[in-house]
Structures are given as structure tokens and as C-alpha cells.
Amino acid sequence: MENKKHFCTCTDLSCKLHPNNHSKGCDPCVRKNLKDGEIPSCFFRLINNDISELKEFTIESFVDFYLKNKTSKTE
């Protein structure tokens, strides 16, 4: 993306799908996650930046994570 930092909150900069590593934005990451029945980490980080205890990024994990971490700013 021409040496510009993308807004992506994912910290895995070594991932080939990370927007900083190509010029296609979020599409490849979202496409891969949808195919695998998962949600990108940026959605989890919107709820709580600390995702260190997550073991998977499934839709069910997201719902559980949201219910456990929701705050007044996300309600």
C-alpha cells in the first residue's frame, strides 16, 4: 500500500494477507476468514484490544468474547 500504514489493528504483520503486505486492502483477509467460518481479529479488537486468551476466531468465539467483554461504549 505504498509505504502507508493501513488502519488494520491486526498485529500479525508477517501474515501475507495483512493489508500492509499487499495493495488489496482487507478483502483477502475477510475472504479467507469467511471461507473458514471465522471473523478477522480486528472485530475482536473493536470489543477489547486484549485478545491474548483467544484460542479461535470463530463466530461463536466472537459472540462469547463480546458477551464477556462488552462495555457501555459498545452497547
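Linking ILVMFWY side-chain heavy atoms closer than 4.5 Å, directly or via other members, places Leu17 and Leu13 in two distinct hydrophobic clusters. Following chains of ILVMFWY side-chain contacts shorter than 4.5 Å, one cannot reach Ile59 starting from Val30, and the two form parts of different hydrophobic clusters.
Within the 3.5 Å criterion, the main-chain N or O of Ser14 finds no donor-acceptor partner in the side chain of Asn21. Between the His18 side chain and the Cys10 main chain, a donor and an acceptor come within less than 3.5 Å of each other.
Partners of Glu60 under the side chain to side chain contact (heavy atoms under 4.5 Å, CB included) rule, at least two apart in sequence or in another chain, are Thr58.
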Name the atoms and distances for all side-chain donor-acceptor pairs under 3.5 Å in residues 34-44, with sequence neighbours left out.
{"unit_1": "Asp36", "atom_1": "OD2", "unit_2": "Lys32", "atom_2": "NZ", "d": "3.2"}
{"unit_1": "Glu38", "atom_1": "OE1", "unit_2": "Lys32", "atom_2": "NZ", "d": "3.4"}

Indicate every side-chain donor-acceptor pair of residues 45-52 with a distance under 3.5 Å to a residue at least two apart or in another chain.
{"unit_1": "Arg45", "atom_1": "NE", "unit_2": "Thr9", "atom_2": "O", "d": "3.2"}
{"unit_1": "Arg45", "atom_1": "NH1", "unit_2": "Asn49", "atom_2": "O", "d": "2.9"}
{"unit_1": "Arg45", "atom_1": "NH1", "unit_2": "Asn49", "atom_2": "OD1", "d": "3.2"}
{"unit_1": "Arg45", "atom_1": "NH2", "unit_2": "Thr11", "atom_2": "OG1", "d": "3.4"}
{"unit_1": "Asn48", "atom_1": "OD1", "unit_2": "Asp50", "atom_2": "N", "d": "2.8"}
{"unit_1": "Asn48", "atom_1": "ND2", "unit_2": "Asn69", "atom_2": "OD1", "d": "3.0"}
{"unit_1": "Asp50", "atom_1": "OD1", "unit_2": "Ser52", "atom_2": "N", "d": "3.0"}
{"unit_1": "Asp50", "atom_1": "OD1", "unit_2": "Ser52", "atom_2": "OG", "d": "2.6"}

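We find the SG-NZ distance between Cys29 and Lys24 to be 13.5 Å, quoted to the nearest 0.5 Å.
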